[in-house]
*Asks:* 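Sending over a structure as structure tokens; questions will come in a sec.
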Amino acid sequence: MFSKAIVRLPATNYADGLTTVAPGVPEYARALRQHSAYCEALEQCGLELTHLEADEEYPDSTFVEDTAVLVLRGAILTRPGAASRMGEVGSINKTLSRFYSQINSIHEPGTLDGGDVCEAGNHLFIGISARTNEVGAGQLAELLASYGYTSSFVDIRSVKDILHLKSGLASLGDNRLVITEALANREEFRGYELVRLSADEEYAANCVRVNDQVLIAAGYPSFERTLRELGYETIALEMTEFQKMDGGLSCLSLRF
């Protein structure tokens, strides 16, 4: 169960951030409205939010998930794979020090984005991607093992249209994973019940279970219907302005 989350308001230069997709330039006012609705949904799920001010120095900084990996037994600062984002970690460290007495870190030459880490109970999947290298993944695996967690690597570097592992994978708990077809036949996920997404709804893979609710991107009715048939309560949120910048629901908060 989560009780807290850290969020950061998008900066006015948010549209200057990194992106690998081309659906158009995000509308700042609309992004603010969508971010506000997202925060309200987290509160509806019972979380107490820590709101960080917008950081104009780092246009991508609203995607706070990439700066840390938080598990029940500890906190690990990442070392983002994009050089322009490495400076985001410092302010997150200061914030996390209010909640964690000991904080570990990923060190050079390792790189790691939090979006490449999917927690599924006591096991964590670590994506090897354009942003997370093998050294960073190995450092994280060692730290997780010291906390009593197991982990495995999932190499997604050859998978098209997936920036981070969680662009195509989410854990619902209950030994159940939401997954895109490109990942569904991987050996790493054998033994889990898979909720497969159709090709036209793959963006919906980045959903977030928050206590008794599942946050999902609005506009994917087949997936929402499937979750409801499985017994989950859903909250659908507009994410268009974050999708334009490679962002998803999990990216916008650090939950613990």
Side-chain angles (χ1 to χ4, degrees), residues 2 5 7 10 19-24 26-27 30-31 33-42 44-45 47 62-66 113-120 125 127 129 131 154 156 159-186 188-189 192-255:
F2 297 120
V7 296
T19 184
T20 64
V21 295
E27 299 175 27
R30 192 175 185 188
R33 291 194 298 271
Q34 291 180 357
H35 191 268
S36 177
Y38 176 84
C39 292
E40 290 176 6
L42 291 178
Q44 183 179 334
C45 294
L47 304 194
T62 191
F63 300 127
V64 292
E65 178 183 56
D66 288 323
D113 275 16
D116 277 318
V117 184
C118 180
E119 183 178 358
F125 297 105
S129 71
R131 300 285 178 84
V154 184
I156 62 168
V159 182
K160 292 183 179 180
D161 302 322
I162 293 183
L163 176 64
H164 290 125
L165 179 62
K166 282 197 281 196
S167 303
L169 179 72
S171 174
L172 295 173
D174 313 311
N175 203 50
R176 184 178 284 150
L177 302 174
V178 175
I179 199 164
T180 60
E181 283 299 328
L183 297 176
N185 294 321
R186 301 284 287 264
E188 296 94 329
F189 308 121
Y192 289 87
E193 181 183 345
L194 303 181
V195 180
R196 297 176 181 239
L197 289 161
S198 60
D200 60 339
E201 294 202 341
E202 288 191 342
Y203 177 73
N206 187 263
C207 58
V208 184
R209 181 164 181 184
V210 184
N211 301 334
D212 295 328
Q213 309 268 10
V214 180
L215 307 187
I216 62 172
Y220 302 95
S222 295
F223 177 54
E224 183 169 12
R225 183 167 56 252
T226 295
L227 289 182
R228 289 185 175 275
E229 289 171 353
L230 289 170
Y232 296 102
E233 295 183 27
T234 61
I235 301 176
L237 296 166
E238 293 288 343
M239 288 292 294
T240 57
E241 305 317 295
F242 298 105
Q243 185 177 6
K244 292 173 182 177
M245 302 301 290
D246 281 319
L249 287 159
S250 71
C251 310
L252 291 173
S253 64
L254 285 164
R255 304 160 299 280

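Values reported hereafter were calculated over all heavy atoms of this structure, with side chains retained and with hydrogens, waters and symmetry mates removed.
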*Asks:* Out of curiosity, S129 OG to I162 CD1, how far, rounded to the nearest 0.5 Å?
*Replies:* 10.5 Å
*Asks:* Name the residue from V159, D116, V117 that meets the side-chain contact (heavy atoms from CB on, under 4.5 Å) definition with L165.
*Replies:*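 When V159, D116, V117 are each tested with L165, the side-chain contact (heavy atoms from CB on, under 4.5 Å) holds only for D116.
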*Asks:* Where is the tightest heavy-atom contact between R255 and Y38, given as atom of each residue plus distance?
*Replies:*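 Closest approach of R255 to Y38, heavy atoms only: NH1-OH, 4.1 Å.
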*Asks:* Do the side chains of S253 and L42 get nearer than 4.5 Å, heavy atoms only?
*Replies:* yes
*Asks:* List the steps and the verdict of side chain to side chain contact (heavy atoms under 4.5 Å, CB included) for F189 and V154.
*Replies:* CA-CA 10 Å; F189 308 121; V154 184; 4.0 Å; yes
*Asks:* May I ask you to test the I235-V210 pair for a side-chain heavy-atom distance under 4.5 Å?
*Replies:* no
*Asks:* For the pair D113 (side chain) and D66 (backbone), establish whether a donor and an acceptor sit closer than 3.5 Å, ignoring hydrogens and angles.
*Replies:* no
*Asks:* What distance separates F242 CZ from Y203 OH, expressed to the nearest 0.5 Å?
*Replies:* 9.0 Å
*Asks:* Identify the two heavy atoms, one from H164 and one from G115, that lie closest to each other, and give their separation to 0.1 Å.
*Replies:*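 Answer, listing the atom of H164 first, then G115: CB-O, 3.2 Å.
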*Asks:* Would the distance check show the side chain of N211 and the main-chain N or O of F2 forming a donor-acceptor pair, the cut-off being under 3.5 Å?
*Replies:* yes
*Asks:* Is the closest basic N to carboxylate O distance between R209 and D174 below 4.0 Å?
*Replies:* yes
*Asks:* With no hydrogens and no angle check, just 3.5 Å: does a side-chain donor-acceptor pair link Y192 and S171?
*Replies:* no
*Asks:* Considering residues, nucleotides and ligands other than D161, do more than 12 of their heavy atoms fall under 6.0 Å from its CG?
*Replies:*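 Open.
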*Asks:* Does the side chain of L172 reach to within under 4.5 Å of the side chain of E193, using non-hydrogen atoms?
*Replies:*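 Counting from C-beta outward, L172 and E193 never come under 4.5 Å.
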*Asks:* Show the numbers, then the answer: is there a side chain to side chain contact (heavy atoms under 4.5 Å, CB included) between K166 and N206?
*Replies:* CA-CA 6 Å; K166 282 197 281 196; N206 187 263; 3.8 Å; yes
*Asks:* Examine distances only and state if a side-chain atom of T234 and a backbone atom of R228 form a donor-acceptor pair shorter than 3.5 Å.
*Replies:* no
*Asks:* Which heavy atom in C207 sits nearest to a heavy atom in F223, and how many Å separate them?
*Replies:* SG-CZ, 3.9 Å
*Asks:* Could you go step by step and tell me if L197 and V178 meet the side chain to side chain contact (heavy atoms under 4.5 Å, CB included) rule?
*Replies:* CA-CA 7 Å; L197 289 161; V178 175; 3.7 Å; yes
*Asks:* Is the closest side-chain heavy-atom distance between L252 and T62 below 4.5 Å?
*Replies:* yes
*Asks:* Kindly indicate whether the side chain of Y232, heavy atoms from C-beta on, has any atom under 4.5 Å from the side chain of R176.
*Replies:*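 Yes, close enough: below the 4.5 Å cut-off.
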*Asks:* Identify the heavy atoms of I179 and L194 that sit nearest to each other, and give their distance.
*Replies:* CG2-CB, 4.1 Å
*Asks:* Are any non-hydrogen side-chain atoms of I156 and S167 less than 4.5 angstrom apart?
*Replies:* no
*Asks:* For the CD atom of E233 and the CG atom of L215, what is their distance to the nearest 0.5 Å?
*Replies:* 12.0 Å
*Asks:* Would you check if the side chain of E241 reaches a backbone N or O of Q34 as a donor-acceptor pair within less than 3.5 Å?
*Replies:*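 Absent.
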*Asks:* Classify the side-chain pair E202/T180 by whether it contains a donor and acceptor separated by less than 3.5 Å.
*Replies:* no
*Asks:* How long is the span from the CG atom in L169 to the CG atom in L177, to the nearest 0.5 Å?
*Replies:*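 If I round to the nearest 0.5 Å, the distance is 5.5 Å.
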*Asks:* How far apart are the closest heavy atoms of V7 and C39, and which atoms are they?
*Replies:*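 Taking every non-hydrogen atom into account, CG2-SG, 3.9 Å.
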*Asks:* In Å, rounded to the nearest 0.5 Å, how long is the span from SG of C251 to CE of M239?
*Replies:*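 Rounded to the nearest 0.5 Å, the SG-CE separation comes to 7.0 Å.
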*Asks:* So which heavy atom on A205 is nearest to which on A170, and how close?
*Replies:*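 That would be O-CB, 3.3 Å.
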*Asks:* At what distance, to the nearest 0.5 angstrom, does CD of E27 lie from OG1 of T240?
*Replies:* 7.5 Å
